[in-house]
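Read the structure below first, then the notes.
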Amino acid sequence: QVQLVESGGGLVQAAGSLRLSCAASGRTFSRYVMGWFRQAPGKEREFVIAASGRSTYYADSVKGRFTISRDNAKNTVYLQMNSLKPEDTAVYYCAAAFNFAVDTRRWDYWGQGTQVTVSS
């Protein structure tokens, strides 16, 4: 099985930047689409951004502000968040799937989540 561990969350001021990391176990990392989701209190988990190695997918709310990158040699995926807004406050989850889908139910592996709080 694939194990995912997020890190890098914290408190940041509005308009600031933060970089999250997701470390994956195993040598099958390159076979999977890697993505990030987030969940705010009282809301459903929502898709943020993902990368398959050939394509990048974005939620409209983060396009132009967030960037995903992956280092297959290190089995690590990153989420660079710029121009952060208070509405970006959420628990951010790293996830892996064989094929891309917006629907959270179609993703097979999940990290434990890391809290991102953006102050106004």
Side-chain angles (χ1 to χ4, degrees):
Q1 295 185 342
V2 176
Q3 294 181 340
L4 305 173
V5 180
E6 303 98 330
S7 63
L11 176 65
V12 63
Q13 294 184 2
S17 297
L18 204 61
R19 188 192 193 195
L20 307 183
S21 298
C22 174
S25 66
R27 297 186 64 185
T28 61
F29 176 78
S30 62
R31 299 183 180 181
Y32 290 89
V33 180
M34 301 299 300
W36 292 90
F37 294 75
R38 66 188 182 186
Q39 186 168 22
K43 296 185 177 181
E44 294 185 345
R45 192 170 300 182
E46 65 175 353
F47 168 74
V48 176
I49 194 168
S52 67
R54 62 176 182 85
S55 300
T56 302
Y57 312 90
Y58 305 87
D60 289 342
S61 60
V62 305
K63 187 176 182 180
R65 300 190 298 121
F66 290 12
T67 303
I68 188 170
S69 61
R70 58 192 297 169
D71 187 335
N72 289 337
K74 296 181 179 179
N75 281 7
T76 302
V77 62
Y78 305 94
L79 176 61
Q80 179 67 46
M81 304 184 291
N82 298 325
S83 302
L84 283 162
K85 305 174 181 179
E87 50 262 45
D88 294 318
T89 295
V91 176
Y92 282 72
Y93 296 90
C94 178
F98 190 73
N99 296 114
F100 170 77
V102 174
D103 190 346
T104 62
R105 296 172 296 179
R106 300 187 65 86
W107 291 71
D108 298 313
Y109 303 100
W110 295 87
Q112 83 288 351
T114 185
Q115 177 71 46
V116 173
T117 302
V118 184
S119 62
S120 61

Closest heavy-atom pair and its distance - T76, A23
OG1-CA, 4.3 Å
Between P86 and A14, what is the shortest heavy-atom contact and its length?
CD-CB, 4.2 Å
Residues forming a side chain to side chain donor-acceptor pair (under 3.5 Å) with S17, sequence neighbours excluded:
N82
Any pair with a residue in residues 74-106 that passes disulfide bond (SG atoms under 2.5 Å apart), sequence neighbours left out, goes on the list, sorted by first then second residue, please.
C22-C94
Does F66 share a hydrophobic cluster with V77, counting links as ILVMFWY side-chain heavy atoms below 4.5 Å and allowing steps through other members?
yes
Please identify each residue that fulfils side-chain contact (heavy atoms from CB on, under 4.5 Å) with S119, with sequence neighbours left out.
L11, Q13
Joint hydrophobic cluster, V102 plus V48, side-chain heavy atoms closer than 4.5 Å:
no
Spell out, yes or no, whether Y58 and V33 are grouped together once hydrophobic residues are joined by side-chain heavy atoms under 4.5 Å, including indirect joins.
no
Whether over 12 other heavy atoms sit under 6.0 Å from Q3 CD:
no
Transitively linked via ILVMFWY side-chain contacts under 4.5 Å: V116 with W110?
no
Could you pull out the closest heavy-atom pair between I49 and T56, with the gap in Å?
CG1-CG2, 4.4 Å
Pair listing, salt bridge (charged side-chain N to carboxylate O under 4.0 Å, His left out) test, anchored in residues 96-106, at least two apart:
D103-R105
Members sharing Y78's hydrophobic cluster (side chains within less than 4.5 Å):
none
Residue set satisfying side-chain contact (heavy atoms from CB on, under 4.5 Å) with S7, at least two apart, ordered chain then number -> S21
I'd like to check the side-chain contact (heavy atoms from CB on, under 4.5 Å) partners of V91; sequence neighbours left out, ordered by chain and number.
Y93, Q115
Between CE of M34 and CG of L79, what distance do you get to the nearest 0.5 Å?
11.5 Å
Q112: partners by side chain to side chain donor-acceptor pair (under 3.5 Å), with sequence neighbours left out
E6
Pairwise salt bridge (charged side-chain N to carboxylate O under 4.0 Å, His left out) hits with a residue in residues 69-78, at least two apart:
none
Residues two or more places apart in sequence or in another chain: which of them pass side-chain contact (heavy atoms from CB on, under 4.5 Å) with S55?
S52, Y57
For the CE atom of M81 and the CZ atom of R19, what is their distance to the nearest 0.5 Å?
11.5 Å
Nearest heavy atoms of Y109 and L4, plus distance in Å:
O-CD1, 3.6 Å
List in chain and number order the residues that pass ring-ring contact (aromatic ring centres under 6.0 Å, His included) with F47, two or more places apart in sequence or in another chain; answer none if no residue qualifies.
F37, F100
Answer with yes or no whether the hydrophobic clustering places V12 together with L20; edges join I, L, V, M, F, W, Y residues whose side-chain heavy atoms lie under 4.5 Å apart.
yes
Hey, is the main chain of A101 close enough, under 3.5 Å, to the side chain of W107 for a donor-acceptor pair?
yes
The complete set of salt bridge (charged side-chain N to carboxylate O under 4.0 Å, His left out) pairs with one or both residues in residues 87-96, sequence neighbours excluded, reads R38-D88, R65-D88
